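Data block below; observations after.
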Protein chains: 2
Amino acid sequence: MDANLRDLFAFLAVVRAGGFREGARASGMSASRLSESVQRLETRLGVRLLHRTTRSVSPTEAGARLAERLFPALGEVEAALDVVNHDRARPAGTLKLNVPATVARLVLPAIVTPFLKTYPDIRLDVIVEDSYVDMLAAGCDAGIRYDERLEKDMIAVPIGPRIQRMATAAAPAYLETHGRPQHPRDLLAHACLRGQFASGTIPTWEFERDGDIVRVDPTGPLLVRLGAAVDLAVAAAVEGLGIIHLFEAWLQPHLDSGALEPVLEPWWQDFSGPYLYYSGRRHLPTPLRAFVDFVKAAEGDGS
Amino acid sequence: MDANLRDLFAFLAVVRAGGFREGARASGMSASRLSESVQRLETRLGVRLLHRTTRSVSPTEAGARLAERLFPALGEVEAALDVVNHDRARPAGTLKLNVPATVARLVLPAIVTPFLKTYPDIRLDVIVEDSYVDMLAAGCDAGIRYDERLEKDMIAVPIGPRIQRMATAAAPAYLETHGRPQHPRDLLAHACLRGQFASGTIPTWEFERDGDIVRVDPTGPLLVRLGAAVDLAVAAAVEGLGIIHLFEAWLQPHLDSGALEPVLEPWWQDFSGPYLYYSGRRHLPTPLRAFVDFVKAAEGDGS
DNA sequence: ACGGGCTGTACGGAATTTCGAACAATGGAT
DNA sequence: ATCCATTGTTCGAAATTCCGTACAGCCCGT
């Protein structure tokens, strides 16, 4: 009875992802490999592991039992293999991070470059995903999120600037024409450039001043997917199409250059910076360990 | 970082056996595979695992650490894989037994045939080895030995006939010519057909009567390796070359047919039958579990 | 000193595994 | 009912892995 480790990982990926193609996406293997791997396993073991229709896949009782036992066992193997990584002159491996677009753009660049220079044998795999997903299920080692939600066995490490603000701004030309809002409710009479999460929800604009919190839901000519498309909204704002409401860091360069003019600045709402999340229960792969230490050190430096 | 399970097993086999070719013998893989597997592992991990000269091989510090962590981890994986075996209609797999030649000849046939008929999908791999070896190190699931030695975490199950005797006999023609010994010490004046273990030791002949134990070390014209060559000694005894001293069961057919005549029968020493040994610490592979149950059931039947 | 037998490894051919693309089947939306 | 996007699978080519044999090197006994 000889089975291939890769086949076992493949099987587990399919079970955890609940599908072959999804499992392929999460684990970075090809879908055909997963299919063939599972078939091989079933042949070798002589037991059907996955009950599949072309549309969905659910584990057989045997498959469920196998997956349950296999998961910690393979974790042990991975841990054992990772132990020798410490004996390398320089830690190596791949670190798969799951981050929202904002972080990828505003937080990571300052960290990633020196990190990769410090650890030349570590490969970074950044998955940009704004909707909140279970990082482990997505096959990532860790994730970065703004929500300070505490899940069991999840460790959160502050990363990047600790205080960020939501900024509101518009092109001077726009403000000259349409006037400068003095209170958030004035925005309802303005052209506002809104964003939409991948999940479909359109976050309301939130303002705060002296403890007063005001939420407004203005309309406007442009609605962009939050993520990479944010640049489009910023460009539109610079062009004078309307008022934009975003992380201050996104707008900073244009505020500095004068292309955008702050609006309602006293109302800008502070909120805490993002956190790096990872599972403390499982053995930390060396690359993640290195990254966590790196981030903590940078934080301690008073970056 | 993807490693092949087979490579891991290969690495472990080399470490445990203390050599590539020995590891190949114990694990049933080819030596070249072991070499290539270890090289692959080292390349993938980027660490040298085995320090080797062409004559010997010792684990690197990293290799030792890996092996130590890997051994239980792979055991877990094997156990997990074996769990699904229970879901098969009929248990399957290979059972590797390490037995002395005597057992292979006198004890196993009566057990193996009905066992294999009961479990058609189980393959039996019988390694005949008279010298005592560590079964686990030899890559066997279990072993059968006469010595009732208790090692830690070893479980012993009686197997086969519980009482056996050492019989002494010779051809009638020989006894007519040379006379019939009346006491074990008389053997010193006879032509005795001796056996020798693979280790080189020549066991003395032991006799017992009413609590008196007598050991004699007679000489004779023939010395055979205990094992398959025993047939040669028996044939020689039948031909009248001298007196033979063996398990009664070996001689039984010739005693029945009259080709051999019992000698010193009151002195024949009883001793307990063999035991099936296996490690209780590790997870029992399904085929071994089946075999143990089968043996216990046969024993309980009062076979 | 020096063979002899053993070790670990390199090499070619055969088998297995992997990938990308195409395929048939299925379930939800229209 | 029907479309169509998506799923799991199949297929042939490319890469990897595996085996048996042959080689170079070392240890041990004489």
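Just so it is clear: chains get the letters A, B, ... in the order the sequence lines come, proteins before strands, and each one is counted from 1. Note that the structure is a prediction, hence the values are computed from the model and not measured. Values reported hereafter were calculated over all heavy atoms of this structure, with side chains retained and with hydrogens, waters and symmetry mates removed.
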Could you tell me how far apart A:Glu36 (CD) and D:dT16 (C1') are, to the nearest whole angstrom? 14 Å
Any donor-acceptor pair under 3.5 Å between the side chain of B:Ser32 and the base of D:dG20? yes
A:Arg194 with A:Asp217: basic N within carboxylate O range, under 4.0 Å: yes
Can we say A:Lys96 and A:Asp141 salt-bridge, meaning some charged N sits less than 4.0 Å from an Asp/Glu carboxylate O? no
Are OP1 or OP2 of D:dT9 and a side-chain N or O of A:Arg52 less than 4.0 angstrom apart? yes
Whole angstrom value for the distance that separates C1' of D:dC19 from CZ of B:Phe20: 16 Å
Reading DNA chain D from 5' onward, which residue's closest nucleotide shows up sooner: A:Val57 or B:Asn4? A:Val57
Between B:Asp82 and B:Thr286, does a side-chain hydrogen bond (donor to acceptor under 3.5 Å, both in side chains) hold up when you go through it step by step? CA-CA 7 Å; B:Asp82 193 65; B:Thr286 300; 2.5 Å; yes
Between P of D:dG20 and CZ of B:Arg21, the distance in whole Å: 12 Å
Between D:dT17 (C1') and B:Arg6 (CZ): distance, integer Å: 8 Å
Could you state the atom-to-atom distance from CZ of A:Arg33 to P of D:dA15 in whole Å? 17 Å
Salt-bridge criterion met for B:Glu36 and B:Arg40 (N-O under 4.0 Å): no
For chain B and DNA chain C, what are the first and last nucleotides along the strand, 5' to 3', with at least one atom under 4.0 angstrom from a heavy atom of the protein chain? C:dG5 to C:dC11
Can you name the residues that form a side-chain hydrogen bond (donor to acceptor under 3.5 Å, both in side chains) with A:Asn4, not counting sequence neighbours? none
Return the minimal non-hydrogen interatomic distance between B:Leu81 and B:Val84, and the atom names on each side. O-CG2, 3.1 Å
Is the shortest side-chain N/O distance from A:Gln39 to OP1 or OP2 of D:dG8 below 4.0 Å? no
Expressed in angstrom and rounded to an integer, what is the separation of B:Arg25 atom CZ from D:dC19 atom P? 16 Å
Do NZ/NE/NH1/NH2 and the carboxylate oxygens of B:Glu42 and B:Arg52 come within less than 4.0 Å? yes
Note the angle between the end axes of the helix from C:dA1-D:dT30 to C:dT30-D:dA1, five pairs defining each, rounded to 10 degrees. 30°
Atom-to-atom span, CG of A:Asp7 to P of D:dT17 - whole angstrom: 13 Å
Determine whether B:Arg16 and B:Glu68 satisfy the following criterion, salt bridge (charged side-chain N to carboxylate O under 4.0 Å, His left out), listing intermediate values before the conclusion. CA-CA 10 Å; B:Arg16 297 222 325 254; B:Glu68 196 170 344; over 6 Å; no
For B:Asn85 and B:Pro91 the tightest heavy-atom approach is OD1-CA, 3.8 Å
Let me know the distance between CZ of A:Arg40 and P of D:dG8, rounded to the nearest Å. 17 Å
